Protein chains: 2
Amino acid sequence: MSSSTAPRRGYHHGDLRAGLIREGIALLAETGVAGFSVAKVAARAGVSSAAPYRHFPDREALLAACAAAIIAEVTDVLAAAAEQAGDDPVDRLAATAGAYARYVLDHRAGIDLVYFHDLSGPYHEVVQEESRRLTSALMDLVAAVLPEDTSWADTVEFVYVHLSMTHGYATLLRQSTPKDAEAYAARAAAAARDHITGHLMRLHGSTP
Amino acid sequence: MSSSTAPRRGYHHGDLRAGLIREGIALLAETGVAGFSVAKVAARAGVSSAAPYRHFPDREALLAACAAAIIAEVTDVLAAAAEQAGDDPVDRLAATAGAYARYVLDHRAGIDLVYFHDLSGPYHEVVQEESRRLTSALMDLVAAVLPEDTSWADTVEFVYVHLSMTHGYATLLRQSTPKDAEAYAARAAAAARDHITGHLMRLHGSTP
DNA sequence: GTCTATAATACGATAGAC
DNA sequence: GTCTATCGTATTATAGAC
């Protein structure tokens, strides 16, 4: 019974697969996709450069697993922010923009994997699955903001634009001042609110 | 006089420096920063892998030169789009969002260099110079949209958000359907218009 | 100013011991 | 499942011929 829970030796890991994904995400946050390599991830996890190939067939598969994990985490972060924002639909949607900005500021380069890597290859079904989860969560929040008779296509389009400006603001932001994250998150939320307001104005056919 | 205008030999180039930047931009558009290498750029330009080092001290300098050229081109494209949009300030600003989307669709991965690479190192004064030109051009367009008594800081913030959502929409867009660019550009412009309208509403203190 | 050749390094991936 | 060892390849950058 002595070997059931404790690691057998120094090089043994309880769950190397999970550890590699964790270290992969950390490496991506520091260097971006350009600086990502299987060897570096392995070194960070404290194993040899051959070990990852027991868990992932090639570099691309490890990268895809990291991307899926990042998207999953973002989804959870946005959902939590909406939950915490209260009952008003506009507040809830705007809060996701602020939370996204905060996330990108923390994970810096990590997010570029999701937006700049070609996700159409093999192994990427997992990534697309997580992307659908994220989109789905936002669909619910957006549907609560738009009028009840809004078509599915228009709702999707609004999700698209909301995520776009949220992502764009957060990444531009990352370039400049890295401090005072809360102030920037608040401004990201305010920008999202402007967009929501303007869109509702257009729907109502009035102009300022 | 026979050697003054014509190339002397097969390996001779009139302006290799410019050619390297041109091919570097094309390579970035195809592969992104991760796939960028001095050797590949040299091969595309039809010279040996050592030749670029006569014109750029290292890889980073070539990359910086490409980034500066990309930003300069974007600046020109946005200015031309505003010019072509007519006299209404809102039309002119919204047009830049559409033009940006069109540019990113054409140059795909190329733009990530500008937004995801660390631009704080050496050689990057040129990049920051071009960035300032872009910001400055947008400042004029935004100032024409906002009320005359708007502070400089608020104008900068609006430029920031406008560019953010413009960039975000264009890059998200690049991920999905690559066809029907004009329709997407029109929607990018419409999204920018929503943001402008919503912001003006907030300034006027009214709600939808 | 461009070439050929090369050094030093890092990477992806595999083979075989344990 | 992880190790050590290794092959093949691509990269950055330099040296020296022309």
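Note that the structure is a prediction, hence the values are computed from the model and not measured. Reminder, nothing fancy here: chain letters follow the sequence lines and each chain counts from 1.
- A donor-acceptor pair is defined here as one N or O able to donate and one able to accept, closer than 3.5 Å; no such pair exists between the side chain of A:S136 and the backbone of A:R132.
- The aromatic rings of B:Y169 and A:Y160 stand perpendicular to each other, their planes meeting at an angle above 60°, with 30° marking the opposite boundary.
- Counting all heavy atoms, side chain and backbone alike, B:M139 lies closest to B:V159 at SD-CG2, 3.6 Å.
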Decide side chain to side chain contact (heavy atoms under 4.5 Å, CB included) for A:R92 and A:E83; before the verdict, give the C-alpha distance in whole Å, the side-chain angles of both, and the deciding distance to 0.1 Å. CA-CA 7 Å; A:R92 290 166 65 86; A:E83 209 57 41; 3.9 Å; yes
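- Considering every non-hydrogen atom in both A:E130 and A:A72, the closest pair reads OE1-CB, 3.3 Å.
- Between B:D58 atom CG and D:dA13 atom P the separation is 5 Å, expressed in whole Å.
- Closest to the side chain of B:R59, out of D:dA13, C:dG12, D:dC3, is D:dA13.
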Can you list the steps and then say if A:Y103 with A:H167 is a ring-ring contact (aromatic ring centres under 6.0 Å, His included)? CA-CA 10 Å; A:Y103 184 89; A:H167 170 69; over 10 Å; no
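- Classification of A:R44 and A:E30 as a salt-bridged pair holds, one side-chain N sitting under 4.0 Å from a carboxylate O.
- The existence of a salt bridge linking A:R133 and A:D76 is confirmed by a sub-4.0 Å separation between a basic side-chain nitrogen and an acidic carboxylate oxygen.
- At most 12 non-hydrogen atoms from other residues, nucleotides or ligands lie less than 6.0 angstrom from CD of B:Q84.
- In this structure, B:D87 places its CG atom where only 12 or fewer heavy-atom neighbours from other residues, nucleotides or ligands lie under 6.0 Å away.
- If you check residues 34-43 of chain B against DNA chain D, the residues with a heavy atom closer than 4.0 Å are B:S37, B:V38, B:A39, B:K40, listed by number.
- Residues from residues 48-57 of chain B placing a heavy atom under 4.0 Å of any atom in DNA chain C, listed by number, are B:S48, B:A50, B:A51, B:R54, B:H55.
- Within residues 16-28 of chain A, no residue has a heavy atom under 4.0 Å from DNA chain C.
- Taking atom CD of residue A:E60 and atom P of nucleotide C:dC11, one finds them 16 Å apart after rounding to whole Å.
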